[in-house]
Participant: 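Submitted below is the structure of interest, expressed as C-alpha cells.
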Protein chains: 2
Amino acid sequence: MKQIAFAAALLALPFTVLAQEAKPEKPVTPNDIVAAAKAEEWVAIAPEDLLIMDLSPDAKGRPRRVIIQLMPPPFSQGWVGNIRKLAAAHWWDGTAIVRVQDNYVVQWGDPNGEDTKKAKKLPGDLVVVPESDYVTNENYAGSEKLLNTHIYHRERVRKSILLKSGKRGDDYAEDTYFYRGWPLGWENTHQNGDAWPLHCYGMVGVGRDVSPNTGTGAELYTVIGHAPRQLDRNIALVGRVISGIENLTVLPRGTEALGFYKTAEERVPITSVRLASELPAAEQPQYEYLSTESESFARYVDKRANRKDDFYIRPAGGVDICNVPVPIRQKAAAK
Amino acid sequence: MKQIAFAAALLALPFTVLAQEAKPEKPVTPNDIVAAAKAEEWVAIAPEDLLIMDLSPDAKGRPRRVIIQLMPPPFSQGWVGNIRKLAAAHWWDGTAIVRVQDNYVVQWGDPNGEDTKKAKKLPGDLVVVPESDYVTNENYAGSEKLLNTHIYHRERVRKSILLKSGKRGDDYAEDTYFYRGWPLGWENTHQNGDAWPLHCYGMVGVGRDVSPNTGTGAELYTVIGHAPRQLDRNIALVGRVISGIENLTVLPRGTEALGFYKTAEERVPITSVRLASELPAAEQPQYEYLSTESESFARYVDKRANRKDDFYIRPAGGVDICNVPVPIRQKAAAK
C-alpha cells in the first residue's frame with residue numbers, strides 16, 4: 001500500500017510530503033493557507049492566559065507537559081478567575097489525573113475531593129458562578145464585537161462561502177461561528193442572541209455537581225473523543241489544550257465506572273500547575289493563534305469545507321465547526 | 001468536588017451510580033432505554049462478520065485483542081470480500097500498527113508496503129473495487145429496504161422526534177440515518193438517492209493511494225478522534241471496532257509526519273488476525289447490536305437528543321449522528 005500518499009492526504013501539518021513533487025497546478029490545502037498567512041494575522045497569546053500543567057515523568061523518565069489556553073472575556077470569566085487563583089495558590093500541585101474515559105474525557109483534580117474529611121482545602125476567595133454564565137447574551141456590555149462578528153459570519157454563510165446547501169447546519173445550535181479564536185454556538189433570543197463556547201476536541205471544562213452547582217474550576221476535564229456537544233450550555237468551558245494533549249490521550253483508560261481509576265497507583269500525579277506569567281520571562285512559552293477574524297482564516301475554513309487536495313475526489317461542501325481547529329503555533333524566539 | 005455526581009452525568013454505562021438513591025421521578029436516560037430493550041430487539045452478529053485482531057502483549061504482559069465488525073451488504077462488499085480473503089490467508093500475521101495520529105487515526109498493515117522489493121505478497125484473488133462503490137444508490141437491486149428505511153426516517157424527522165428546528169442538520173450530507181446498525185449519509189440524486197457509511201469514532205476504513213486507486217483492504221485504519229467526515233465518500237469504510245479500541249487509542253503517538261512511527265521498534269506487532277468463523281465454535285466471541293429499526297432504538301436516539309437526566313439543565317434538542325453509538329454488547333453464553 002502507498003502509505004505515504006494516503007498519509008499526505010490525511011494531513012495535519014504545514015507541509016505535505018508531496019510538496020517536493022513538481023505538479024503544474026498543485027491544489028491548495030488548508031495548511032498551505034495557514035503557512036502563507038501574514039505575520040500580522042497571528043495574535044499572541046498572553047502569558048496570563050496560559051496554564052502550564054506538568055505531570056510526573058512517564059515510565060521512560062520523559063517529562064510530560066500540557067499547556068492550556070484560557071478563554072478570554074466575555075466567556076466563563078468567573079471560573080477562569082477562580083482558575084487563576086488556584087494556579088497562583090499552587091493548589092493543583094500534588095493532585096492527579098483521576099479519570100480517563102475512552103472517546104470522552106480526561107479529568108483531573110483532588111482524588112479525595114469526595115471525602116469531606118480528606119478533601120484538599122480550596123482558596124477562600126473563589127467565587128460562585130451562576131448557571132446563567134454558561135451563555136453570554138449579545139446585549140452584554142462587552143459584546144458589541146461579539147454581535148458584529150456573528151452578523152459578519154451570517155453574511156458569509158448567506159454568500160455560501162461555507163455551505164452549499166441551505167439545509168445544512170449544526171445539530172446543537174441555530175448557528176455556529178468563531179470569535180477571537182474560539183468556536184461558538186449561537187441561538188436567537190428576544191434580546192439579539194446568546195452565544196456560548198463549544199465542546200470540541202481538546203476543550204477544557206469545569207467538573208461540577210448537579211444543578212445548581214456550577215463547579216469552582218478546581219476539577220477540570222478535557223475532551224479526548226468525538227465532540228460531546230450535548231454538554232454545551234450545561235457546563236462551563238474555560239479553555240483548550242494547545243500543546244501536549246498526547247500526554248493525556250495515551251493514558252490507560254480507567255477500569256471503574258466512567259473511566260475513573262480504581263487505585264491510587266493508577267492515578268497520574270500532577271507535579272505542578274502554573275500560569276505562564278508566574279514563570280521567569282525566559283521560561284514563558286510563547287504561542288500565537290491565527291486570528292479568526294482574518295482573511296486567511298476565512299480562506300482556511302472554506303478550504304477545510306471544500307478539500308481539493310490530491311487525495312480528495314469529492315469535496316464535502318460543508319464542515320463541522322469542531323473539524324476546524326484554530327491554527328496555533330509556537331512563536332519564533334525573540335531576537 | 002463531587003466527582004461521582006459529575007461522573008454519573010457523563011454516563012456511558014447501563015446504570016448510573018445514582019441509581020441507588022430513591023428519587024420519586026427519576027428521569028429516563030438513553031442507557032435505561034437500552035437496558036430495558038426486549039431480547040427480540042437485539043440482532044446477533046454472525047461470526048463471519050467479526051474480525052479478531054491480536055496485538056503482541058503490552059509491557060505488563062497483558063493480552064491486547066481488538067474486535068472489528070465488518071459492514072453488511074449493500075456497502076463496501078468488494079473491500080469486505082478482500083478482507084475476508086486476507087484474514088483467511090492469515091496475511092496480517094506479523095504485520096504491525098504503523099501509525100497513530102492524535103485526534104485522527106490508528107493505521108495498520110505491512111510496514112514495508114512502500115518498498116516494492118520488501119513488500120509482503122498479497123493474495124492473488126483480491127478484487128479491484130471502483131470508486132463508485134464508495135456510495136450505494138437506492139436503485140441498487142438489494143436496496144429496497146434501504147430506501148424504505150430512509151423514508152421512514154424522514155417521516156420521523158418531519159414529526160420533529162429528533163430535531164426541534166428545521167434549520168438543523170448535518171454539515172456533510174443532506175440527511176443522515178441508520179440502516180441495519182450503521183450510520184449513513186444520504187443525498188438526493190436523479191435516481192432516488194445515494195447512501196454511504198460515515199466516518200464516526202471507531203469506524204474502520206481502507207488506506208489507499210491517490211485516485212483512482214481505492215485500496216485493497218490490506219491496509220486499514222480506525223478513527224480515534226472527532227469524526228473526520230470530510231473523508232466520507234472519498235475512501236471505503238468497511239466496519240467498526242466493537243471491542244478493545246482502548247488497545248489502540250492508548251498507543252504512543254508517532255513522531256514522524258502524520259503520526260507514522262519512525263523506527264521498527266516503535267511499531268506494535270500484530271500477532272494474528274482471524275475471522276471469528278475460523279475459530280472453534282467455543283472460542284468464537286458472541287456479540288449483538290440493538291436493531292436500529294427497533295422501537296427501543298428510536299427512543300434511545302430521541303433521548304440522546306433530549307437529555308433530561310439529573311445532570312442536564314438544557315437538553316440540546318438535536319444530536320450529531322456520530323454521537324449516537326449503536327448499542328453493542330456481548331451475548332450471554334448459550335446454556
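Proteins get letters first, then strands, A, B, ... in listed order; numbering begins at 1 in each. Heavy atoms only: backbone and side chains are in, while hydrogens, waters and symmetry mates are out.
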Participant: Cationic tip of B:R233 within the cone over A:Y312's six-membered ring, i.e. under 6.0 Å and within 45° of the normal?
Facilitator: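 The answer is no; the distance or angle limit is not met.
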Participant: Identify the two heavy atoms, one from A:F311 and one from B:R208, that lie closest to each other, and give their separation to 0.1 Å.
Facilitator: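 Heavy atoms only, the tightest pair is O-NH2, 2.7 Å.
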Participant: For B:I313, is it the side chain, the backbone, both, or neither that has a heavy atom closer than 4.5 Å to a heavy atom of chain A?
Facilitator: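 Contact with chain A involves both backbone and side-chain atoms of B:I313.
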Participant: If you round to the nearest 0.5 Å, how far is CD of B:E246 from OG1 of A:T255?
Facilitator: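 Reported value, rounded in 0.5 Å steps: 10.5 Å.
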Participant: Quick one: closest heavy-atom pair of A:Y172 and B:A316, and the distance?
Facilitator: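 The answer is CD2-CB, 3.5 Å.
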Participant: Is it the case that more than 12 heavy atoms not belonging to B:K120 sit under 6.0 Å from its NZ atom?
Facilitator: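 Result for NZ/B:K120: enclosed.
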Participant: Look up atom CG in A:N103 and atom CG in B:N323, then write down how far apart they are to the nearest 0.5 Å.
Facilitator: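 If I round to the nearest 0.5 Å, the distance is 8.0 Å.
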Participant: Nearest 0.5 angstrom please: B:I235 CD1 to A:R314 CZ, how far?
Facilitator: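 It is 15.5 Å, given to the nearest 0.5 Å.
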Participant: Could you pull out all residues at least two apart from A:R229 that satisfy side chain to side chain donor-acceptor pair (under 3.5 Å)?
Facilitator: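 Applying side chain to side chain donor-acceptor pair (under 3.5 Å) to A:R229 gives A:D170, A:D232.
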Participant: Partners of A:T214 by side-chain contact (heavy atoms from CB on, under 4.5 Å), sequence neighbours excluded?
Facilitator: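 Testing A:T214 for side-chain contact (heavy atoms from CB on, under 4.5 Å), a comparison that skips the adjacent residues, returns A:W79, A:V129, A:E131, A:Y134.
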Participant: Distance from B:N306 atom CG to A:Q230 atom CD, nearest 0.5 Å?
Facilitator: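 Interatomic distance, B:N306 CG to A:Q230 CD, rounded to 0.5 Å: 11.5 Å.
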Participant: For the interface with chain B, which of A:V223, A:N234, A:V100, A:I224 has the highest count of heavy-atom pairs at distances below 4.5 Å?
Facilitator: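 Top option by heavy-atom pairs under 4.5 Å: A:N234.
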Participant: List the steps and the verdict of side chain to side chain contact (heavy atoms under 4.5 Å, CB included) for A:D102 and B:I245.
Facilitator: CA-CA 8 Å; A:D102 199 71; B:I245 197 167; 3.3 Å; yes
Participant: Start with the C-alpha gap between B:D320 and A:D171, add the side-chain angles, then the distance that decides, and say whether side chain to side chain contact (heavy atoms under 4.5 Å, CB included) holds.
Facilitator: CA-CA 6 Å; B:D320 174 355; A:D171 285 301; 3.8 Å; yes
Participant: Pick from A:G225, A:C322, A:C200, A:P325: which one has the most heavy-atom pairs with chain B under 4.5 Å?
Facilitator: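 Most heavy-atom pairs within the cutoff with chain B belong to A:C322.
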Participant: Heavy-atom cut-off 4.5 Å, strictly under: side chain, backbone, both or neither for A:A227 against chain B?
Facilitator: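 For A:A227, the contact with chain B is made by backbone and side chain together.
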Participant: Heavy-atom distances under 4.5 Å only: say whether A:P228 touches chain B with side chain, backbone, both or neither.
Facilitator: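 Contact with chain B is through the backbone of A:P228 alone.
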